[in-house]
Amino acid sequence: MGDKRAKLLDAELEIRTFGDLLYTFPYRYVDTSRFFKISEFSGEMPSVQVLGRFVGFTTEGEGLKQRLKASFYDGSRFMEVVWFSKVNFFKTAYQPGVSYVLFGKPTQFRDVWQMAHPEVNAYDATKPPQGFRGIYSIPDKLRKRGYSTRIISDLAKNLFSNARIKEVSETLPPEIIDKYSLMPLLEALMNLHFPQNPEKLQKARERMKFEELFYLQLHILRYSRERGRRIRGHVLTRIGEYFNTYYSKFIPFDLTGAQKRVLKEIRNDMRTGRQMNRLLQGDVGSGKTMVAFMTMLMAADNGFQSAIMAPTEILASQHFETIRNWGEKIGLRVELLTGSTRTKARKEIHEGLLSGEIHIIVGTHALIEDNVQFKNLGLTVIDEQHRFGVAQRAKMWKKSAVAPHVLVMTATPIPRTLAMTVYGDLDVSVIDELPPGRKPVQTYLKFDNSRMEVNQLINRELRAGRQVYIVYPLVKENPKLELKSVEEGIERVRGMFPDVKVCMVHGQMKPAEKDYQMEQFVSGAARILVATTVIEVGVNVPNASVMLIENAERFGLSQLHQLRGRVGRGADHSYCILMTKHNIAGDTRKRLGIMTETSDGFLISEADMKMRGPGDMEGTQQSGIAFNLRIANLASDGQILNVARQGAEAVLNSHPELVEAPVTGVEQYPGEELPLSPTSVAMIKNELRIRFLKTYDWSQIS
Ligand code: ADP
Ligand code: MG
């Protein structure tokens, strides 16, 4: 192809080589085995083909705004065909009276069906219909220059008709292909671009997904086994006085079955000499803090210090209050270290940590600063871990000569398939049971025209002595966005509820001011808290019974779930009200509908992942997992993922030496985090592939 086109393909689609082209797959397929009638067109149709004739062209507009319209008739109805560029070319390109096959997406404008820039081919009655056909994703820049999905399919067609295509070699070992009845690579590639039939397309997709997930799992498993071998953890064998005394005398409630189970899992990790690397997932309010505290008691019983790190000052101070109260009963010294800790106190804390007098330190990012050093840090707990970057988490590893045990906690439940990949190197514990007596939160979707009704509900709750959260998407008004903000909101709220004190918290406040405002609400002095999502995680005010979320359409499902988790912690009846403007569209309405239907965090996160795709899930961006999965989809390919993982496990079991050979170039990870950036994953997959295909006798794999 010419230079200009080559440059465009490189810049817009990253296609430089034949290999790039082979692996640029259609993103969907359409059925071109039949012609649709214009009279059959309906709202949400994919691209379809119609067969008919052009019956007249008209030009509209001037200069850049010029466009060409044609009337097209297929015997059932008329539709309009529109071109916005190359008007003069298209005006004379097609003859009236000749039958054409048009391929494009029907859209409706006023009452008329339209197709813009369809693919047009003269109808050839001797050619059989094509069956399934791939549609490639074509960036706007290419589209504007008149390119369509055909630019790729034509190139691919050329490539497959070249004799040297046979040189494309298999990338999975024959035994794996046999064992899982996979389609060979070349056949799969061909069917992905030009499906012979739907069944073959299905098999082709399965094979490519399998391969992608297989090498990814191989990488993850290899890595975590290698780390397990290399890194030894502190051996914490004793369950001693701290743990036993607290458990028998002071614990304020019976642990739930799930809490007990998780504590056993943790104990098993910590006494074996391996270093614990455990993810604790538990829905909002499931009691993760107590599990973390009991784990710290195990550390203390063996003479070790613990640290717990939270992403915000508000959350850190709440943890501090809670843990200090629990800890002081058995004589543990607990301190708080955040960005706003005064110099003098900070110095004392530094000394206390170094001397070992402080047993438990609670804090924010301030904990990872280099001058925070420990006598013997045995355990690091990271709350709401997805809020921390990889490098930040890694720094906590370096605080001790022997890596501390690590417990990361999250209240954003992640579907299992995603956890297996994003946290593939962590062991996962789940608290799947809420403490008894939790009251479900009634959730309503309301439009602005029900404002009066909502205010009445708030008034009723305030009169009953309850407290109310009101959350806004913005701090300040923004003329470009039609959204409500905290700063205008608080004025309105004060006007509507003049008898009660209203306080305000948002991310742009100074920490001291934020603490003060928060304290007003926690103590009950202020009855309404107007806030942004800074209160999303962890904040615990059991007396609050209403969570009103303005512009709810602007928040993600997991955010909404977290926000809702702030209520239902004490009151018999709690309410979550999602306010939106009236005209929310299909997906948004569906999303908010899920909130009103279930309070199960796992269901919500599965739904979230299905709707948004795994790359956008909270907690996945930082890990780089939004990475270059070309064809596998963690939301819907759970089954293939399971098989691929088993396959990878079998390979590692029969070839343990694979674990030991380092992969060049990417072995230096920050701390001990699993490297999952797109580049490192690509490099590792490549190297593993080459190494495994060349070096090992695959017939031995059981
Ligand atoms: P999260 O998992 O969201 O961090 P928390 O640890 O903050 O949840 O616990 C929520 C509330 O439930 C706290 O007030 C805590 O004291 C209480 N709680 C935790 N475990 C139990 C239990 N087994 N029985 C009763 N209440 C519990
Ligand atoms: Mg918590």
Side-chain angles (χ1 to χ4, degrees), residues 246-248 250-264 266 278-297 306-327 329 334 360 362-364 380-388 407-414 428-441 467 469 518 522 533-545 547 558-571 574 576 599-602 604-605 618-619:
Y246 188 78
Y247 191 68
S248 57
F250 298 109
I251 195 163
F253 38 69
D254 291 334
L255 294 180
T256 62
Q259 283 171 317
K260 284 186 194 159
R261 175 171 41 78
V262 169
L263 276 169
K264 269 195 203 122
I266 290 173
R278 189 166 280 281
L279 171 70
L280 175 56
Q281 287 194 48
D283 212 341
V284 185
S286 61
K288 295 185 292 295
T289 319
M290 181 52 88
V291 170
F293 179 67
M294 301 291 289
T295 307
M296 294 180 197
L297 296 186
S306 301
I308 173 165
M309 184 158 77
T312 64
E313 296 228 356
I314 293 176
L315 194 49
S317 359
Q318 282 214 344
H319 276 327
F320 172 62
E321 294 296 331
T322 308
I323 291 174
R324 186 183 52 186
N325 282 338
W326 291 342
K329 305 220 160 60
V334 182
I360 297 174
V362 183
T364 54
T380 297
V381 181
I382 299 176
D383 199 13
E384 304 302 339
Q385 60 81 32
H386 60 271
R387 301 251 167 158
F388 292 96
L407 182 68
V408 297
M409 310 199 289
T410 179
T412 308
I414 297 168
V428 179
S429 290
V430 181
I431 305 186
D432 49 7
E433 181 187 352
L434 291 182
R438 277 297 144 77
K439 320 285 186 323
V441 179
Q467 286 166 278
Y469 293 100
M518 201 61 221
V522 173
T533 53
V534 289
I535 57 150
E536 176 188 333
V537 286
V539 172
N540 186 25
V541 179
N543 188 46
S545 66
M547 167 62 67
S558 64
Q559 251 180 338
L560 292 173
H561 180 63
Q562 289 281 333
L563 287 169
R564 178 166 62 185
R566 298 308 110 218
V567 293
R569 296 176 160 243
S574 297
C576 173
S599 57
D600 181 324
F602 277 93
I604 290 175
S605 77
E618 213 171 318

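Atoms within each ligand, like the ligands themselves, are counted from 1 in listed order. Values in this document were obtained by computation on a predicted structure and should not be read as measured data.
Residue-to-ligand polar distances keep G282 apart from ligand 1: every N/O pair is separated by 3.5 Å or more.
Remark: ligand 1 atoms within the under-4.0 Å shell around heavy atoms of T256 are 23 (N). The distance from ligand 1 to the heavy atoms of D254 drops below 4.0 Å at these ligand atoms: 22 (C), 23 (N), 24 (N). In the vicinity of T289, heavy-atom distances shorter than 4.0 Å reach the ligand 1 atoms 4 (O), 5 (P), 6 (O), 7 (O). Interface atoms of ligand 1 facing N540, defined by a heavy-atom separation under 4.0 Å, are 14 (O). Residue-ligand proximity, V284 to ligand 1, at heavy-atom distances under 4.0 Å covers atoms 3 (O). Close contacts of ligand 1 with L255, meaning ligand atoms under 4.0 Å from a residue heavy atom, involve 23 (N).
Using modelled atom types, no side-chain atom of E433 and backbone atom of T256 make a donor-acceptor pair closer than 3.5 Å. For the pair Q259 (side chain) and G287 (backbone), a donor-acceptor distance under 3.5 Å is present. A donor-acceptor pair is defined here as one N or O able to donate and one able to accept, closer than 3.5 Å; no such pair exists between the side chain of K329 and the backbone of F250.
Residue Q259 touches ligand 1 through its side chain alone, judged by heavy-atom distances below 4.0 Å.
Here the shortest heavy-atom pairing between S599 and D283 reads O-OD2, 3.9 Å.
Residue pairs meeting the salt bridge (Lys or Arg N to Asp or Glu O under 4.0 Å) criterion with at least one partner in residues 313-322, sequence neighbours excluded, are E321-R324.
Here the rule is side chain to side chain contact (heavy atoms under 4.5 Å, CB included) with V381, and of I308, T295, T289 only I308 fits it.
The closest approach between any non-hydrogen atom of S286 and ligand 1 is below 4.0 Å.
Classified by interplanar angle (parallel below 30°, tilted 30° to 60°, perpendicular above 60°), the ring pair F293/W326 is tilted.
Remark: among candidates F293, W326, F253, the nearest residue to atom 27 (C) of ligand 1 is F253, based on non-hydrogen atoms.
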